[in-house]
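What follows is a single structure, written as C-alpha cells, with notes after it.
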Amino acid sequence: MTFTRIFLAWVAASLVLLGWGLLRERVAGRAADSGARWQRPGPRVYLGEATLLVLLAALWFGSLGHGGWLLLFLLVGLLLEWRAVWTEGREAWSAGRRSLELAGGAARTMLVGGVLSWILP
C-alpha cells in the first residue's frame with residue numbers, strides 16, 4: 001500500500017467527515033437549543049478522526065483483507081459515539097434522541113469505512 005493511496009484515503013475520509021458535520025449542523029441547527037452550538041467540534045477534530053480511521057483501515061485492509069469491514073466500522077462507530085451520546089450534558093435527552101444520535105454516528109463511521117474499503121484495496 002503506497003503513501004499516495006493512504007493520503008487519498010485520508011482526503012476522502014476528511015471530506016466525508018467534514019461534510020457530515022456541516023450537514024448535521026444544518027439539520028440540527030434548526031432544532032438545536034442555543035447551548036449546543038458552542039459544543040460543535042472544529043475541523044481539526046474531524047481531520048484527526050479521519051487520520052485515525054485511515055490508519056485503522058490501512059492496517060485492517062493491509063493485513064486481513066476486506067472481509068468483515070462493515071462489522072469493524074459499525075463497532076468502531078458505536079464505540080466512538082457511545083460516550084458522547086450518554087454523557088457530556090445530554091442527560092435530558094430522550095431515549096429516542098439518544099438512539100438517533102448513536103445510529104447517526106455509527107452510520108457516519110460506516111460510510112467512511114465504505115469509502116476507505118473502496119480506496120484501500
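Treat the numbers as computed from the prediction; the structure is a model and nothing was measured. Side chains included, hydrogens not; waters and symmetry mates left out as well; all remaining heavy atoms used.
By the 4.5 Å heavy-atom criterion applied to side chains, Val112 and Phe73 are not counted as neighbours. Contact check for Leu15 versus Val11: side-chain heavy atoms found under the 4.5 Å cut-off. Using a 4.5 Å heavy-atom threshold, the side chains of Leu80 and Glu49 count as touching. Annotation: side chain of Leu47 is in contact with side chain of Trp10 (closest heavy-atom distance under 4.5 Å).
Expressed to the nearest 0.5 Å, how far OG1 of Thr109 lies from CG of Leu116 amounts to 10.5 Å. Rounding to the nearest 0.5 Å places CG of Leu18 at 12.5 Å from CG of Leu23. Rounded to the nearest 0.5 Å, atoms CZ (Arg108) and CD (Glu81) are 5.0 Å apart. Note that the CZ atom of Phe61 and the CG atom of Leu72 stand 7.5 Å from one another [nearest 0.5 Å]. Once rounded to the nearest 0.5 Å, the distance linking OH of Tyr46 with OG1 of Thr51 reads 14.5 Å. To the nearest 0.5 Å, the span separating CZ on Arg24 from CG on Leu17 amounts to 13.0 Å.
Transitive grouping of hydrophobic side chains (ILVMFWY, heavy atoms separated by less than 4.5 Å) keeps Trp60 and Leu52 in distinct clusters. Residues Leu56 and Phe7 share a hydrophobic cluster, clusters being chains of Ile/Leu/Val/Met/Phe/Trp/Tyr side chains in contact below 4.5 Å. Both Trp118 and Leu120 belong to a single network of hydrophobic side chains, linked directly or stepwise wherever heavy atoms of I, L, V, M, F, W or Y lie under 4.5 Å apart. Clustering ILVMFWY residues whenever any of their side-chain heavy atoms sit less than 4.5 angstrom apart, transitively, puts Leu79 in a cluster other than the one holding Leu70.
The two residues Ser117 and Gly114 make their nearest non-hydrogen contact at OG-O, 2.8 Å. Between Trp20 and Gly104, the shortest heavy-atom contact is CZ2-O, 3.2 Å. Between Ala106 and Leu74, the shortest heavy-atom contact is CB-CD1, 4.2 Å.
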